[in-house]
Amino acid sequence: MPLTSPVGVPLLWTGRSRRSSATEHHAMTVPPAPVRVRLAPSPTGFVHIGNVLVALVDAAIARQAGGTLVIRIEDTDQKRFVDGAEELIYESLHWLGIEWQEAPDRGGPFAPYRQSARLPLYQEHAERLIAQGDAYRCWCSPDRLEQMRFAQQAAKLPPKYDRRCLGMTEAERKALDGYTPDSVVRLRMHDSGSTTFTDPIRGTLAFENGLLDDRVLLKSDGFPTYNLAVVVDDHLMRITHVVRGEEWLPSTPAHLRVYEALGWDPPLIAHTPLLLNADRGKISKRRHPWANMQWFRDQGFLPEAVLNYLGNLIAFVPDTENPAPGVARELFGFDEIAAHFNLASIGPSGKVVDIDRLDWLNGQYIRRMSVEDLAVKAAPFLAAAGYDVNTLPTYRAALALEHERIKRLSQAPQALSFFFDDEEYDPAMLVPRGATAGRALELLDGAIAVCQAVAESGDWTVSTLDDRFRAHAEARGLTTGKLRGQLFGVVRVGSTGRTATPPLFDTLAVLGASVVLRRLSVARNHLESLAAIDGPPAEGQ
RNA sequence: GCCGCCAUCGUCUAGAGGCCUAGGACGCCACCCUUUCAAGGUGGAGAUCGCGGGUUCGAAUCCCGCUGGCGGUACCA
């Protein structure tokens with residue numbers, strides 16, 4: 001029999017938890033409710049990569065339990081609202097391949113799914129809490145609150161509202177200083193005892209009630225704070241599993257207080273680990289562009305790689321090919337994540353984002369792609385860099401040569417640029433290490449002769465170029481790898497402008513005879529100039 | 001300051017009292033392949049399991065304390 005919570009919610013943490021305190025059994029009192037999870041993003045401008053991790057956990061829970069994923073837009077802060085942010089959220093999830101069932105853009109049985117469209121609901125519940133004595137109005141000015149906190153910190157006291165307004169009418173409060181006519185509604189926390197709850201990722205957590213702040217539930221503009229809206233909506237939308245970042249942990253006792261005051265059973269609440277910078281701080285948009293999920297797209301990371309990377313943080317997939325203990329499968333997709341995912345198995349510690357590892361994963365996925373697919377995906381990156389792939393008939397052939405040499409799509413322009421244009425380069429690169437310009441010129445002249453012969457033969461192919469060049473090298477006594485390397489090096493730089501390229505004959509074949517001969521001729525001019533400076537070629541090279 | 005969370009190679013991770021001389025992956029180094037760069041293959045360095053006490057025949061694993069890191073501390077989410 002699976003473990004269930006008091007409300008009959010399947011817990012998705014079978015057997016033991018890594019936290020011993022989380023192993024307590026709950027009696028099954030009610031039939032299991034259908035699993036419903038929600039994504040609660042704020043439309044504040046960009047999609048944070050940490051929210052993507054939460055989204056993946058949500059999606060995995062929904063998939064594993066055959067449940068429903070709901071998107072609810074948390075737009076209760078008018079000041080931070082950014083137009084178009086909601087569309088960006090949908091678009092980002094779509095890019096990642098995460099699917100949802102209920103949302104503002106498609107409706108559902110618990111609509112509306114935008115909190116700004118649910119204001120009366122929150123006001124209603126706030127009134128009820130006030131009537132019950134579980135909440136109260138507060139007319140303290142921001143100034144007064146700030147001074148209060150300052151004094152509390154100086155006195156080494158816990159920072160919390162001092163309840164000056166508790167039990168007062170507006171008229172009574174108005175007579176005192178620090179008054180403002182714009183009132184808020186505060187939640188009344190318990191004076192003593194403690195609040196404990198079990199987070200499936202972290203085990204049982206405890207907070208002392210006397211230290212908890214009377215948080216604002218309803219702002220003076222009539223909008224709810226997250227602390228009210230999240231509870232009302234999660235309950236009304238029948239959410240069974242709440243997953244959110246660890247930064248919410250200190251808010252959870254307040255939420256539980258609202259559930260209690262309203263007489264509702266709380267859902268299972270899990271706090272995922274934070275994504276960290278290399279310096280182990282919380283990831284910041286300012287210093288680390290990858291805080292914004294859009295960065296990954298702009299850099300040419302594939303959605304499969306991003307999903308796989310995050311999946312590595314929340315699921316361990318055993319390697320079926322090598323079933324030895326501790327050996328993991330590193331490459332997997334959403335299906336494997338959903339199959340092996342377990343809330344209790346997510347490590348609770350913060351995760352440093354390792355872009356090197358993502359690069360490796362992305363390279364793996366790029367190499368597994370067809371050239372055709374890669375051609376389509378790389379084209380926008382080339383276009384952004386000013387290269388029109390339609391002007392290069394050999395685009396696909398060139399890309400095939402760079403296929404296993406790029407880790408991000410954004411590297412395609414740099415990798416392919418010399419196929420598009422004759423590029424400037426330092427002529428000194430034409431001279432092999434340990435040789436003179438005169439010697440390089442000699443090697444290049446031989447190479448040009450070979451190329452011309454091949455071009456005239458009408459068979460400008462990899463195998464012919466290979467045969468002729470090897471025969472030529474043999475004839476010139478270039479029998480060692482190093483000596484052949486000098487010859488090939490001159491041709492490589494002369495025809496591409498770089499020292500590192502795909503295999504030389506493949507590259508020459510794709511470039512075509514006329515381009516190669518033109519560039520080698522330019523290279524010849526460079527070497528003549530250099531040789532003139534150096535003086536006559538040295539003997540016996 | 002107050003509250004809370006966290007702690008196994010640089011990073012991600014396996015580990016659930018003996019299978020651990022701590023396994024895998026990225027990164028790093030070397031070699032092989034090789035005309036360069038990659039890719040691929042093989043091997044290597046890298047963790048006294050944060051520290052200190054306990055419990056136990058036996059502790060990375062259980063308990064206590066400490067330290068460090070991080071998060072929260074808003075009429076933001």
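Below, chains carry the letters A, B, ... as their sequence lines are ordered, and counting in each starts from 1.
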Look at atom [atom1] of [X] and say whether more than 12 heavy atoms of other residues, nucleotides or ligands are closer to it than 6.0 Å.
X	atom1	value
A:E474	CD	no
A:D426	CG	yes
A:E423	CD	yes

Between [M] and [N], how far apart are the [atom1] atoms? Round to whole Å, please.
N	M	atom1	value
B:A14	B:C49	C1'	13 Å
B:C26	B:G46	C1'	13 Å
B:A59	B:G41	P	39 Å
B:C70	B:C33	P	48 Å
B:G18	B:C2	C1'	44 Å
B:A39	B:G17	P	41 Å
B:C64	B:A77	C1'	38 Å
B:G65	B:U61	P	16 Å

Rounded distance in Å - [atom1] ([X]) to [atom2] ([N]):
X	N	atom1	atom2	value
A:H403	B:G40	NE2	P	12 Å
A:N209	B:G4	CG	P	12 Å
A:R244	B:G4	CZ	C1'	14 Å
A:N312	B:C12	CG	P	12 Å
A:L53	B:C12	CG	P	13 Å
A:N277	B:G10	CG	P	19 Å
A:N308	B:U13	CG	C1'	13 Å
A:L313	B:A14	CG	P	10 Å

When we call it a touch if two heavy atoms are under 4.0 Å apart, what does A:A206 touch: a base, just sugar-phosphate, or nothing? sugar-phosphate
A:F469 near the nucleic acid: base, sugar-phosphate alone, or nothing, with a heavy-atom cut-off under 4.0 Å? nothing
Respond yes when some side-chain nitrogen or oxygen of A:R280 is under 4.0 Å from OP1 or OP2 of B:C12, and no when none is. yes
Using purine N1 to pyrimidine N3 plus N6-O4 or O6-N4 for Watson-Crick, or N1-O2 and O6-N3 for G-U wobble, each under 3.5 Å, what pairs with [N]?
N	value
B:U11	B:A25
B:G1	B:U73
B:U42	B:A30
B:A47	none
B:C6	B:G68
B:C57	B:G18

Minimum-distance nucleotide (side-chain atoms of A:P348 versus B:C5, B:U13, B:C6): B:C6
Return the orientation label for the A:H255 and A:Y226 ring planes: parallel under 30°, perpendicular over 60°, tilted otherwise. tilted
Measure the acute angle between the ring planes of A:H48 and A:F46, then classify it against the limits of 30° and 60° as parallel, tilted or perpendicular. tilted
Between A:R287 and A:D279, does the salt bridge (Lys or Arg N to Asp or Glu O under 4.0 Å) criterion hold? Intermediate values first, please. CA-CA 11 Å; A:R287 292 187 49 224; A:D279 62 9; 3.2 Å; yes
Report the residue from A:V52, A:D58, A:L56 that forms a side-chain contact (heavy atoms from CB on, under 4.5 Å) with A:V54. A:D58
May I ask you to decide whether A:R163 forms a salt bridge with A:D191, counting only side-chain N to carboxylate O separations under 4.0 Å? yes
Sugar-phosphate or base contact per nucleotide [nucleotides 72-77 of chain B; S, B, -; heavy atom under 4.0 Å]: SSSBBB
Tell me, for nucleotides 24-38 of chain B in 5' to 3' order, what letter each nucleotide earns: B for a base near a protein heavy atom under 4.0 Å, S for only sugar-phosphate near one, - for neither? SBBS-------BBBB
Check A:I201 against A:I346 and note the closest heavy-atom contact, atom names and distance. CG2-O, 3.6 Å
Quick one: is the NZ or CZ of A:R498 closer than 6.0 Å to the six-membered ring centre of A:F418, and within 45° of its axis? no
Quick check, are the ring centers of A:F505 and A:F488 under 6.0 angstrom apart? yes
